[in-house]
Amino acid sequence: MYKNLTGILILLICCSCSPKVKSIILKDLSTIDPLKKQGVHNCNDPLYYFPDSLTNIRYLRINVHFMDDESGTRNFKMDEGKKFIRYLISNANKRLSENKKMNLPVGNTTATLATQYRYKIVAATNDPNDDGFYKHYDDKLYYYVNKGRNKNNYDRKLIDKYSIGSDSIINIFILPHHPDSVATEHYKATKTGIALGTSLKMAGMLEGDPEPWKYATLLNHEVGHILGLSHSWLRYDRCDDTPEHPNCWGRTNEPPCDTIPSNNMMDYNAEQMALTPCQLGIVHKGFNKINSKNRKLITRDWCHLDKSKTIIIDKETNWYGSKDITHNIVVKENVDLHIYCRISMPQNSSITLMPGAQLFLYDATLHNDCNLQWQGIIVQSKKDISAQIICYGKSELLNCTTSIE
Ligand SMILES: [Zn+2]
């Protein structure tokens with residue numbers, strides 16, 4: 001393709017990539033004023049994690065526990081429970097795939113982005129009989145009470161005793177309301193749930209509507225809490241695109257609910273079908289942050305190279321947040337790519353800089369997050385035009401195989 005190609009160099013620059021470490025500053029950055037130099041860039045800012053065309057769908061690992069009393073008559077039988085929950089999860093995933101435009105504020109121009117996360121039921125062990133569904137018979141811990149003297153919705157004993165792999169799996173507990181509470185006049189066996197750490201309890205399915213899909217938004221809401229989202233009708237939910245409002249379930253004839261109600265997933269309303277860019281930024285920031293709770297809950301599917309496509313950078317591009325890349329990257333001729341945080345490259349992958357392309361690294365780390373080897377950066381040149389790598393701060397390349405020759 002390039003007759004005058006003077007050679008393809010694979011560079012290790014200002015980095016600690018073993019075995020050969022080479023430190024090369026190819027261009028003086030004094031004329032460049034990156035955000036980091038101004039002290040305003042922060043790799044943990046949710047603003048940099050709005051899902052875009054490079055955001056792969058993240059799969060949250062979940063398992064399901066049916067709590068029953070020792071007679072085994074208070075909860076689903078295992079087969080019907082599995083069927084019910086599989087349907088519920090499938091519907092919850094469908095809703096996540098259909099993120100809706102925000103109702104509020106009226107007349108808003110808030111973007112509607114793909115949520116780019118879903119649920120996947122997984123086994124916690126290597127046991128061939130482990131399919132991620134469990135049933136427990138426990139007279140003391142099998143029930144849910146959300147009001148009154150015996151209220152136990154915040155109680156963690158059940159989670160401490162029965163959760164499995166809760167550092168990497170969301171444990172969902174399906175509970176009946178306590179029959180004694182249900183028998184009293186004032187107790188309502190409503191559909192309800194609560195998120196506690198990486199687990200959640202859900203109740204009301206056994207007493208209420210038998211349609212599994214009717215519990216899908218409850219699941220999405222509670223998992224939203226696990227992923228770091230707050231109730232969005234409140235002022236301080238860390239998002240400017242979720243306005244304060246009276247949190248009406250639906251529209252009525254009386255104030256304050258005589259206006260368009262919210263449809264946000266993190267409010268209490270009849271829809272719960274919208275997540276804003278800021279909310280998705282909070283969720284995906286967690287997915288991308290090394291050692292964060294959110295990241296530990298997702299399937300690690302970014303280790304290996306997916307050759308089904310190549311990421312082509314054909315105009316000046318800024319990657320302000322961290323990313324787990326699963327494809328090779330090619331930066332086209334005379335195009336600049338700016339990287340500000342951490343980028344994981346898949347095994348055996350490379351970043352190719354075509355002649356005249358420039359890769360700017362600002363305190364950036366390029367690595368393979370699974371401790372596998374990737375091939376590094378291929379710097380192409382043609383006649384006297386070369387690609388360049390320009391480093392600022394403590395940028396490093398880790399886990400790559402080839403050094404400069
Ligand atoms: Zn809530």
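As the structure lists them, so they are numbered: ligands from 1, and atoms in each ligand from 1. Computed from heavy atoms alone, side chains included, the values below leave out hydrogens, waters and symmetry copies.
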Lys NZ or Arg CZ of [X] over [Y] ring: under 6.0 Å, within 45°:
X	Y	result
Lys191	Tyr215	yes
Lys285	Tyr49	no
Arg58	Trp302	yes

> Could Asp69 and Lys140 be called an ion pair, given the rule that one side-chain N must be under 4.0 Å from one carboxylate O?
Replying inline: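 So Asp69 does not pair with Lys140 through a salt bridge.
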> Could you give all pairs that pass the ring-ring contact (aromatic ring centres under 6.0 Å, His included) test and reach residues 237-263, with sequence neighbours left out?
Replying inline: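 Those involving residues 237-263 do not exist here.
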>> I want to verify a count. Protein N, O or S atoms less than 2.8 Å away from the Zn ion (ligand 1), how many are there?
In response: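 Protein heteroatoms (N, O, S) closer than 2.8 Å to the Zn ion (ligand 1) number 3.
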> Ring centres of His41 and Tyr362 under 6.0 Å apart?
Replying inline: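 That pair fails the under 6.0 Å test.
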